[in-house]
There are 2 protein chains.
Amino acid sequence: MGSAKTKDKFRAFMLDKGLKSTRQREVILEEFLSVGSHLSTEELYLRLRRKNPRIGYATVHRTLKLFAECGIAEQRHFGDGQARYEASDLDEHHDHLICTSCGKIVEFEDPRIEQLQEKVARQHGFSIERHRLELYGCCESCR
Amino acid sequence: MGSAKTKDKFRAFMLDKGLKSTRQREVILEEFLSVGSHLSTEELYLRLRRKNPRIGYATVHRTLKLFAECGIAEQRHFGDGQARYEASDLDEHHDHLICTSCGKIVEFEDPRIEQLQEKVARQHGFSIERHRLELYGCCESCR
DNA sequence: CATCCAATTGAAAACGGATTTCAATTTAAT
DNA sequence: ATTAAATTGAAATCCGTTTTCAATTGGATG
Ligand SMILES: [Mn+2]
Ligand SMILES: [Mn+2]
Ligand SMILES: [Zn+2]
Ligand SMILES: [Zn+2]
């Protein structure tokens, strides 16, 4: 059923921006939330096409950008040249471990690292808006 | 004069791979090392053109990739959609603070963060090959 | 120096993901 | 039902990267 809270947030966003509710947006949101994580536009598009053959790539693309603007999704780049999207854990943050062999993506969160990042930034007179931490390596089953 | 050590490393690399020394490669290496850091292919190309109008973009592109393969340069992506290259500090590593307002890039190194990254990876059964840590925010003079 | 062959060059074309265009359609307010 | 504005999807376009290919060059050889 996807998170009701997330859907509410998107509905509120659309209302606020004067956007319209459409069959496509409903279907895309449903599928995006049910699949979960780290999907490229292409991947989501292909999945949607299985049940909705008449949905367009451009619409999927635009809708994912809307999700990101709304804050219910985040765009990621893991170095394979295509953007990926994942549902936001509302106010939780996490970083990623990526297996360079099988592509597996593991999420983690480490407050000590986050804290040190703040410290480093402060020392250089920066105020951090966001950061990106990705650890690339080989996962257990690939060894 | 650029680092003699770096040039030696590149010469050794070329010898090993059966590559030829050319006027273009010399010029590109010289300019790359003298400018220093975080240059896009386009930027280096334009700089080179000022004194060497007949150098080609493709050659600059290929030569930068050679530098990276050789280990005297590293490719970076700071999220503006184009690759950037910087001379490697031979065996030193560093991460980046990027000002989202003026584009300034500050380098830093924090062994505590590096250590925690290792720890996190180990806990998830990963062995790290490389990582990417970028802190985006606002620099002092932009505030 | 002359010859030869593999490596290199650079202009142009191709590539690939992201984004935009635009005519037709749909939404939702009146 | 009417209407204006938003949306859709196929196709075109964008833009950085990479490749193609004919011409040139490096450098080894005799
Ligand atoms: Mn994630
Ligand atoms: Mn750097
Ligand atoms: Zn793996
Ligand atoms: Zn700044």
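Computation of the quantities below employed the complete heavy-atom set of this structure, encompassing side-chain atoms and omitting hydrogens, waters and symmetry-equivalent molecules. Order of the sequence lines fixes the chain letters, A, B, ..., with proteins taken first and strands second; residue numbering starts at 1 for each chain.
Atom CD1 in I55(A) sits roughly 10 Å away from atom C1' in dT8(D) (whole-Å rounding). Atom CG in L64(B) sits roughly 14 Å away from atom C1' in dG16(D) (whole-Å rounding). Rounded to a whole Å, the CD atom of E26(A) is 11 Å from the P atom of dT8(D). Whole-Å rounding puts the N52(A) CG to dG9(D) C1' distance at 14 Å. Distance, L15(A) CG to dA6(D) C1': 14 Å, rounded to whole Å. Straight-line distance from the CZ atom of F78(B) to the C1' atom of dG16(D): 17 Å, rounded to whole Å. The separation between R49(A) atom CZ and dG9(D) atom C1' is 11 Å, rounded to whole Å. Between D80(B) atom CG and dA18(C) atom P there is a gap of 16 Å when expressed in whole angstrom units.
The residues E86(A) and R84(A) are annotated as not salt-bridged, no charged nitrogen and carboxylate oxygen being separated by less than 4.0 angstrom.
Within the 4.0 Å cut-off from OP1 or OP2 of dT17(D), at least one side-chain nitrogen or oxygen of Y57(B) is found. OP1 and OP2 of dT25(D) both lie 4.0 Å or more from every side-chain N or O belonging to R23(B). The shortest distance between the side-chain N/O atoms of T41(A) and the OP1/OP2 oxygens of dG17(C) is not below 4.0 Å. Between T22(B) and dT25(D) there is no side-chain polar atom (N or O) within less than 4.0 angstrom of OP1 or OP2. The phosphate of dT9(C) (OP1 or OP2) has a side-chain N or O of Q24(B) nearer than 4.0 angstrom.
A donor-acceptor contact under 3.5 Å is formed by the side chain of R62(B) with the base of dT20(D).
Of the listed nucleotides (dT19(C), dT27(C), dG9(D)), dT19(C) has the atom at the smallest distance from the side chain of K65(A). Closest to the side chain of H61(B), out of dT27(C), dG27(D), dT19(D), is dT19(D). The side chain of S21(A) approaches dA28(C) more closely than any other nucleotide in the set dT8(D), dA28(C), dA18(C). Closest approach to the K20(B) side chain among dG27(D), dG9(D), dA18(C) is made by dG27(D) (side chain taken as heavy atoms from C-beta onward). Among the nucleotides dA18(C), dT19(D), dT27(C), the one closest to the side chain of A58(B) is dT19(D). Which of dT8(C), dG9(D), dT7(D) sits closest to the side chain of L19(B) comes down to dT8(C). With dG27(D), dA18(C), dT27(C) as the choices, the nucleotide that has an atom nearest any side-chain atom of A83(A) turns out to be dA18(C).
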* Verify side-chain contact (heavy atoms from CB on, under 4.5 Å) between H93(A) and H131(A), making sure each step is shown before the conclusion. => CA-CA 10 Å; H93(A) 162 79; H131(A) 70 263; 3.0 Å; yes
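Remark: Q115(B) CD is loosely packed, at most 12 non-hydrogen atoms of other residues, nucleotides or ligands lying under 6.0 Å away. Counted within 6.0 Å of CD on Q75(B), heavy atoms from surrounding residues, nucleotides or ligands total more than 12; the atom is thus considered enclosed. Counted within 6.0 Å of CD on E42(B), heavy atoms from surrounding residues, nucleotides or ligands total more than 12; the atom is thus considered enclosed.
For H77(B) and R25(A), each mapped to the nucleotide of DNA chain D holding its nearest heavy atom, the one lying further toward the 5' end belongs to R25(A).
Minimum interatomic distance between K9(A) and G71(A) (heavy atoms only, all atoms of both residues): NZ-O, 3.9 Å.
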